[in-house]
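Please read these numbers as outputs of a predicted model, since none were measured by experiment. The basis for the numbers below is simple: all heavy atoms, side chains too, and nothing from hydrogens, waters or symmetry mates.
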Amino acid sequence: MAVPYLGVDAGEVTFATSSREDVMPRLVKAALALCALWLAFYELRAVAFPTWHVFAVGRGAHLVELGLASGLCLLRGLVDRRERWGWLLIGLGCAAWTLGETYFTVALWNLKNIPVPSLADAGYLAFPPLVFAGIVVLARRRIDRMSASVWIDGAAAALAVAALSASLVFDPVLHSVGGSPAAVATNLAYPVSDMLLLGLLVGVVALSGWRLTRTWSLLGIGVIVFWIADSLYLVHSASATYTPGGVYDIGWWGGITLLAAAAWMGSDKRAVVPAREQTILLPLAFGVISLGVLISGDLQASDLNLLAVSLAGGSLTAIGVRLYLTFRHNERILSGSRKAARTDSLTTLPNRRALTDDLTAALAGADDARPVVLAMFDLDGFKSYNDTFGHPAGDDLLRRLSTRLAAAIRSRGTVYRLGGDEFCALIHPHAEPAQAIIEAAVSALTEHGQGFTVGCSYGALSLPREAATSTEALALADRRMYNDKHRGRQSASRQSADVLVRALAERIPDLEGHLSDVATLAGATAERLGLEIDEVEVVQRAAELHDVGKVAIPDAILNKPAALDESEMTFMRQHPIIGERILAAAPSLAPSAPLVRATHEWFNGSGYPDGLVGDQIPLGSRIIAVCDAFEAMTSYRPYRKTLTALQAQDELRRSVGTQFDPVVVDAFCRARERVAAEVEAVS
């Protein structure tokens with residue numbers, strides 16, 4: 001029962017098998033083993049027992065072995081649909097050589113003077129081009145993604161091997177052959193064709209990334225063995241010492257058998273050229289071979305033949321081109337790495353590293369006549385957008401906004417993404433107002449939708465007038481940006497504070513003016529003590545709301561005309577804690593909450609509600625305590641005498657170290673004088 005062939009798998013030949021056995025692989029292995037045994041037996045007899053005549057190795061017996069090996073190559077082509085033409089061409093080459101050998105054995109074996117050319121030469125010389133074509137077809141099927149440098153590697157290796165072959169074989173044959181031009185041409189065709197075939201195989205191995213698979217290894221060994229046999233034959237023929245059936249005849253027969261074995265090694269996986277050291281070291285090694293051929297020719301007494309010189313020169317030229325392509329490739333990789341190092345992967349805008357380099361260059365070329373504006377932007381509401389819609393949507397939003405920002409700046413500057421939701425722009429305004437460009441950028445970084453609003457805060461400065469170095473410029477832009485963001489946030493705290501102050505004033509009308517005055521004095525004192533602007537605003541807000549906890553105190557206690565008893569005083573002393581809880585409930589007012597809790601603490605620890613001492617009391621609370629006491633002493637109260645400003649200041653100084661912080665009292669007195677002078681100037 002015949003077994004149909006299914007196809008070739010990656011690395012193995014596979015067949016449809018019957019339930020009884022896998023027939024064809026067994027037959028192929030048996031045939032190859034039979035060929036190998038016969039060749040070994042023949043060589044043993046030729047070397048050890050040259051006069052021993054046995055039928056199995058007699059004249060014509062090798063034709064059976066050649067026919068079997070050629071048939072195996074053709075069979076592989078017939079059953080392998082994917083690589084059919086490659087193996088059929090190689091099989092036809094082996095068959096042509098076998099036919100030539102058959103004619104030689106039958107008609108020319110015993111002739112003393114073998115005619116050249118003959119029909120045998122036609123069969124022999126058909127072998128190289130057919131096998132050459134078959135190897136090219138196989139290589140095209142098995143080798144993938146061949147770049148220009150890989151092709152050049154193959155050409156350089158092939159030319160180097162061909163040059164070596166020409167220097168070793170072509171010269172002796174050229175000087176020893178004689179006869180008619182046809183005879184000379186025929187004899188020279190053998191080394192030339194073998195040389196080309198051997199060079200092709202080396203080139204194919206180079207194209208496959210120097211992967212010596214079983215198929216290419218056996219094909220290469222087969223061609224090398226064939227080349228050696230041809231070379232020995234030509235040398236012996238030239239000296240009239242060739243005898244058919246000698247020791248080295250096995251080279252031809254063994255070469256064809258090796259090609260048959262290669263045919264049944266299976267189809268190797270398609271080669272993808274790896275980026276390894278050998279992809280450059282091996283071409284250089286073949287360059288050394290070519291150079292060695294030229295140097296050896298120069299050292300010889302006789303000139304090296306022109307063919308070897310040309311091939312070696314071609315190999316070295318190819319390697320030079322290869323090195324140039326490698327240099328160009330490395331330059332492209334380096335350029336790509338530099339670009340990647342300066343580019344934000346999400347938005348494709350230049351990144352912080354690019355900004356630092358460009359800012360340094362801009363500072364070097366900028367002056368007052370040609371200023372450069374640095375603007376830094378930070379998105380407002382982006383975190384909420386991310387939390388609501390997810391990070392993929394957030395990434396899409398960043399890409400949209402970055403595209404709009406780049407379009408808004410256009411040819412007037414360069415836009416950068418610093419990371420997260422921060423962007424930056426280097427603007428060359430020329431005659432155009434810089435503020436108009438910045439406002440266009442702010443508009444580009446704004447997006448509204450159902451359930452969300454994303455805007456931005458910014459900080460800008462002019463270079464080189466406002467900063468001399470890139471570090472100073474970035475720090476100043478960052479500070480201004482966050483001040484802008486802080487002012488935006490304070491609008492929410494301002495609204496919340498106004499609501500609470502209004503509610504407290506409705507409950508206790510006398511407090512409204514008091515709270516405003518305390519807030520003004522606290523802000524001035526905080527500035528005098530060197531607090532940052534955002535810290536000053538927190539202190540002012542806490543001063544304005546330090547009595548907000550009194551909204552929870554009953555009217556009977558708040559408005560009692562007589563002194564409070566102990567239980568009433570205990571209840572009253574809860575108002576700083578209540579005030580802290582009220583402010584902590586509003587995120588925009590939360591920074592002021594701890595200050596409100598500690599406004600009735602004393603510097604010596606005898607205050608309430610926590611009995612804090614000295615620096616344990618927040619600085620803002622110590623400031624508010626002084627300002628509140630001063631305002632209380634200078635305001636009308638029905639139960640005590642009103643003091644003048646100077647009298648109140650003296651009272652504050654007498655209480656330093658016990659109720660008040662001496663440093664804060666000193667700063668307050670200086671700040672109050674400035675505030676009083678400003679009020680007088682206005683009035």
Side-chain angles (χ1 to χ4, degrees), residues 143-160 202-211 270-291 313-366 372 374 376 395 398-399 402-403 405-407 409-420 422-428 463 469-471 473-474:
I143 302 174
D144 201 6
R145 294 195 333 209
M146 293 180 288
S147 63
S149 60
V150 175
W151 279 107
I152 293 172
D153 282 351
L159 290 169
V202 174
V204 166
V205 174
L207 290 175
S208 65
W210 304 103
R211 294 173 65 249
R270 291 177 72 84
V272 178
V273 178
R276 295 179 294 182
E277 283 188 355
Q278 64 198 51
T279 59
I280 186 63
L281 293 180
L282 285 173
L284 290 176
F286 283 105
V288 172
I289 291 174
S290 298
L291 188 61
S315 177
L316 292 173
T317 301
I319 290 170
V321 173
R322 170 66 159 90
L323 293 176
Y324 171 74
L325 291 178
T326 300
F327 172 78
R328 288 284 305 275
H329 177 67
N330 291 340
E331 279 289 306
R332 285 194 295 270
I333 291 175
L334 183 59
S335 176
S337 298
R338 287 172 177 163
K339 183 177 180 181
R342 291 168 52 88
T343 303
D344 174 63
S345 59
L346 178 64
T347 63
T348 70
L349 293 177
N351 60 14
R352 182 180 289 273
R353 176 179 292 182
L355 170 64
T356 302
D357 294 342
D358 294 351
L359 182 56
T360 302
L363 278 167
V372 176
L374 172 66
M376 190 175 291
D395 290 345
L398 288 175
R399 280 190 283 264
S402 66
T403 300
L405 178 60
I409 300 298
R410 290 192 298 275
S411 60
R412 295 170 291 187
T414 306
V415 176
Y416 307 83
R417 184 190 178 207
L418 304 187
E422 289 188 352
F423 295 87
C424 199
L426 270 180
I427 303 169
H428 302 272
L463 304 173
T469 67
S470 60
T471 302
L474 289 171

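- Residues Val372 and Ala366 share a closest heavy-atom pair of CG2-CB, 3.8 Å.
- The heavy-atom pair separating Ala406 from Val415 by the smallest distance is CA-CG2, 3.8 Å.
- Closest approach of Leu463 to Leu359, counting heavy atoms only: CD1-CD1, 3.4 Å.
- Scanning both residues, Ala341 and Arg353, for their nearest heavy atoms gives CB-NH1, 3.3 Å.
- Heavy-atom contacts from other residues, nucleotides or ligands closer than 6.0 Å to CZ of Arg412 number more than 12.
- Taking 4.5 Å as the limit, every side-chain heavy atom of Ile409 sits out of range of all side-chain heavy atoms of Leu426.
- Arg417 contributes a side-chain N or O that, together with a main-chain N or O of Gly420, makes up a donor-acceptor pair within less than 3.5 Å.
- Minimum interatomic distance between Asp344 and Thr347 (heavy atoms only, all atoms of both residues): OD2-OG1, 2.7 Å.
- Using a 4.5 Å heavy-atom cutoff, the side chains of Cys424 and Leu374 are in contact.
- Between the CG atom in Asp358 and the CG atom in Leu363 there is a gap of 11.0 Å [rounded to 0.5 Å].
- The shortest side-chain heavy-atom distance between Met376 and Leu474 falls under the 4.5 Å cut-off.
- Scanning all heavy atoms of the two residues, the minimum distance from Tyr416 to Asn351 falls at CD2-O, 3.8 Å.
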